[in-house]
Amino acid sequence: MSRPVRVRFAPSPTGYLHVGGARTALFNWLFARHHGGVFVLRIEDTDKSREKETAVQIIYDGLRWLGLEWDEGGDKGGPFGPYHQTERNDIYHRYLKVLQRQGLVYEDEGAVRFRSPRRPVVVDDEICGRVEFDRSLEPDMTIRRPDGSWIFHFANVVDDIEMRISHVIRGEDHLSNTAKHIELYQAFEHEPPRFAHLPLILNQDGSKMSKRDEGASVGSYIEAGYAPEAVRNYLCLLGWSPKDNREMIPIEEVIALFDLNKINRRNAAFDLNKCLWLNGQYMRQMSLERFCELSLPFLRAANIKTPDTAYLLQVLVLVRERVKLFGEVPEWVNYFFTDHYSYDPAAVAKALGKPGALDRLVQLAEAFRQIPDWRADALEAGLKSVAAKAGLKAGEFIHPARVAVSGRAIGPSLYHMLEVLGRDRVLSRLERTIGRFSREQV
RNA sequence: GACCCUAUCGUCCAGUGGUCCAGGACACUCCCCUUUCACGGGAGUAACACGGGUUCGAAUCCCGUUAGGGUCGCCA
């Protein structure tokens with residue numbers, strides 16, 4: 001009864017990895033890890049498209065990005081291969097013969113059909129419970145096309161038998177199909193695996209999530225700059241819960257707590273907003289090294305050169321609290337790495353356009369030149385004393401200064417920003433800004 | 001249409017007959033912190049789909065209705 005736990009994720013290479021599929025993979029992986037079992041990746045590529053190579057690669061990349069490494073299959077091989085259905089023809093033929101010998105199949109216009117026993121079938125599902133299907137009115141299913149290729153239901157069952165799959169954990173869209181599958185298991189006189197049908201992931205409006213929908217593809221999270229651990233955490237929360245109101249939960253704990261019968265039976269709508277929030281949480285709690293590692297690809301893509309790692313880390317500390325996606329990092333830090341930053345017109349108009357703003361920058365630059373110890377607290381004291389002397393509020397200096405050194409109205413704490421930028425950059429940027437906007441008569 | 005699954009705040013989840021005039025999180029509103037933007041802290045709005053049962057007692061059990069989703073392919 002207690003066979004070794006072997007589960008599989010069996011995607012077909014469609015050119016993208018759907019979040020629903022990713023969650024199915026995740027739950028299979030969690031189940032395998034919880035039980036010390038094996039997680040198999042099988043590619044259901046019965047229909048051979050030209051894009052297959054890249055489509056399969058996209059699946060590998062998506063799963064690996066999420067940290068869902070498989071034990072067998074895919075590009076790894078294993079004792080029950082091959083793991084691509086197109087390469088398993090001989091096996092399917094062997095199983096077809098078994099059915100033929102029993103007279104359970106017949107030809108119909110060149111296709112091969114399986115003769116249904118038309119008896120009620122009971123699916124004892126780990127998640128949905130006992131479900132009974134009346135099969136008496138169902139048409140016989142096709143298992144092979146006239147061109148010799150195999151139909152999903154047949155190949156799927158044969159593979160699960162051959163690969164010794166103990167638990168089939170898949171989307172609820174397969175619940176009805178399971179009755180057909182069980183008829184096949186019976187015909188092969190093979191005990192069916194345990195079944196667990198996961199509720200589906202829907203769009204925010206309750207409609208079915210399809211390829212086009214925002215956030216439907218795992219690739220979109222990679223591109224936007226999500227942390228994989230955050231997306232994975234979010235996916236865990238869709239249909240499963242640690243039961244103690246925690247939102248952020250380490251994957252090791254999820255593995256320890258994971259249990260099929262604690263899975264919700266209700267479809268879940270994908271809340272991109274919450275996923276984004278969770279990502280922000282992860283960004284703030286991960287190590288600075290990790291933060292840097294995940295930022296780097298985006299900095300490179302934005303052509304931002306960061307030769308000085310120590311400086312880069314200081315910069316990242318400043319923006320870490322303010323971003324929710326790694327994709328946002330470049331726009332937040334670019335002026336730390338180049339003097340050729342652009343000035344946001346609205347920010348310029350607001351902060352530098354005020355009467356006397358440039359004068360105040362002159363005073364500020366003068367005061368900053370006298371500061372011996374270029375640190376945030378000294379800069380703050382310096383700025384405040386200049387403001388006091390002028391009889392103005394600190395803000396009258398802060399805002400122009402920010403725009404002058406960064407070109408924008410939004411950014412990290414001014415004093416810390418100045419400290420990290422360093423004396424030379426700050427002073428030259430102040431001067432440059434004064435010169436430029438005096439000429440332009442802002 | 002037939003069959004199957006589901007039904008707690010807008011969304012995700014907690015709740016498995018009394019401790020629930022229902023708890024947490026996201027989002028939203030307000031306040032505090034901060035002369036930027038965020039973070040953080042605090043407060044608030046907001047739900048047991050409906051109708052019947054069962055029971056001393058129901059969000060929790062049963063039936064029906066309605067709604068949503070799924071399956072009925074020589075797609076997977």
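Numbered from 1 within each chain, the chains take letters A, B, ... in sequence-line order. Remember, it's a predicted structure, so these values are computed and weren't measured experimentally.
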Taking only the side-chain nitrogens and oxygens of A:Arg135, find out if one of them lies under 4.0 Å from OP1 or OP2 of B:U71. no
For B:C30, the nucleotide meeting Watson-Crick or G-U wobble distances (both under 3.5 Å) is B:G42
Rounded to the nearest angstrom, tell me the gap between atom CZ in A:Arg130 and atom C1' in B:C4. 14 Å
Rounding to an integer number of Å, can you tell me how far A:Asn233 CG sits from B:C12 P? 17 Å
Roughly how many Å is it from CH2 in A:Trp332 to P in B:A38, rounded to a whole number? 8 Å
Going 5' to 3' through nucleotides 19-28 of chain B, assign each nucleotide B (protein heavy atom under 4.0 Å from a base atom), S (under 4.0 Å only from sugar-phosphate atoms) or - (no protein heavy atom that close). ----BBBBS-
Would a line drawn from the ring center of A:His174 to the ring center of A:Phe152 be shorter than 6.0 Å? yes
Indicate the ring-plane relationship of A:His190 and A:Tyr185, choosing parallel, tilted or perpendicular according to the 30° and 60° boundaries. tilted
Taking A:Lys180 first and then A:Asp140, would you say they form a salt bridge - that is, a charged N and a carboxylate O separated by under 4.0 Å? no
Can you measure A:Lys354 atom NZ to B:U36 atom P for me and round it to whole angstrom units? 12 Å
Minimum-distance nucleotide (side-chain atoms of A:Lys208 versus B:U8, B:C37, B:G69): B:G69
Classify the glycosidic conformation of B:C39 as syn or anti, calling it syn when the angle lies within 90° of 0. syn
Interface residues of residues 109-129 of chain A with RNA chain B (non-hydrogen, below 4.0 angstrom): A:Glu109, A:Ala111, A:Arg113
Taken to the nearest whole Å, NE2/A:His399 to P/B:C37 is 8 Å
Relative to each other, are the rings of A:His197 and A:Phe195 parallel, tilted or perpendicular (30° and 60° limits)? parallel
RNA chain B: 5'-proximal contact among A:Ala268 and A:Ala387 (nearest heavy atom): A:Ala268
Under 4.0 Å, counting only non-hydrogen atoms across every strand here, what does A:Ala269 touch: a base, just sugar-phosphate, or nothing? sugar-phosphate
Should the pair A:Arg164-A:Glu72 be classified as a salt bridge under the 4.0 Å nitrogen-to-oxygen rule? no
Would you say A:Asp259 and A:Trp240 are linked by a side-chain donor-acceptor pair, where the criterion is simply a distance under 3.5 Å? no
Give a yes or no on whether the backbone of A:Gln285 and the side-chain of A:Arg290 come within a donor-acceptor separation of less than 3.5 Å. no
Any A:Lys243 side-chain N or O less than 4.0 Å from OP1/OP2 of B:G15: yes
Less than 6.0 angstrom separating the ring centers of A:Tyr234 and A:Trp277, yes or no? no
Would you mind telling me which of B:C12, B:A38, B:C74 lies closest to the side-chain atoms of A:Glu321? B:A38
Could you label the plane-to-plane angle of the A:Trp150 and A:Tyr92 rings as parallel, tilted or perpendicular, counting under 30° as parallel and over 60° as perpendicular? tilted
Got a sec, which residues hit salt bridge (Lys or Arg N to Asp or Glu O under 4.0 Å) with A:Glu214, two or more places apart in sequence or on another chain? none
Using a 3.5 Å cut-off and no angle test, enumerate the donor-acceptor pairs between side-chain atoms of residues 325-338 of chain A and protein atoms at least two apart in sequence or in another chain.
unit_1   : atom_1 : unit_2   : atom_2 : d
A:Glu328 : OE1    : A:Lys324 : N      : 2.9
A:Asn334 : ND2    : A:Glu331 : O      : 3.3
A:Thr338 : OG1    : A:His340 : N      : 2.9

Consider the side chain of A:Phe133, meaning its heavy atoms from C-beta on, and name the nucleotide among B:C4, B:U36, B:C12 that approaches it most closely. B:C4
Decide yes or no, distance alone: a donor-acceptor N/O pair under 3.5 angstrom between the base of B:C37 and the side-chain of A:Arg322. yes
Whole-Å C1' distance, B:C75 and B:A58: 45 Å
Establish, with yes or no, whether the OP1 or OP2 oxygen of B:A14 is under 4.0 angstrom from a side-chain nitrogen or oxygen of A:Asn264. yes
So what does A:Pro412 touch, heavy atoms closer than 4.0 Å: a base, only the sugar-phosphate, or nothing? base
Among all residues two or more places apart in sequence or in another chain, which pass the salt bridge (Lys or Arg N to Asp or Glu O under 4.0 Å) test with A:Asp124? A:Arg194
Looking at every strand, decide which applies to A:Gly280 at a 4.0 Å heavy-atom threshold: base, sugar-phosphate, or nothing. nothing
Residues A:Arg130 and A:Asp125 bridged, charged N to O under 4.0 Å: no
Nearest to the A:Glu138 side chain among B:C72, B:C37, B:C74, which nucleotide is it? B:C72
To the side chain of A:Arg284, which of B:G40, B:C12, B:A76 is closest? B:G40
Just how far, in rounded Å, is P of B:U34 from CD1 of A:Ile398? 12 Å
Is any side-chain nitrogen or oxygen of A:Arg320 closer than 4.0 Å to OP1 or OP2 of B:A38? no
Rounding to an integer number of angstrom, what distance separates B:G23 and B:C9 when you compare their P atoms? 14 Å
How many Å lie between CG on A:Leu202 and P on B:A7, as a whole number? 14 Å
With rounding to the closest Å, how many angstrom separate the P atoms on B:U60 and B:A22? 16 Å
Nearest-Å distance once atom C1' is located in both B:A14 and B:G24: 7 Å
Contact residues, residues 158-179 of chain A to RNA chain B [heavy atom, < 4.0 Å]: A:Glu172, A:Asp173, A:His174, A:Leu175, A:Ser176, A:Asn177
Under 4.0 Å, heavy atoms only, any strand: does A:Thr14 hit a base, just the sugar-phosphate, or nothing? nothing
A:Arg320 side chain vs A:Met283 backbone, donor-acceptor pair below 3.5 Å: yes
Please figure out whether A:Asp244 or A:Asp108 has its closest RNA chain B nucleotide nearer the 5' end. A:Asp244
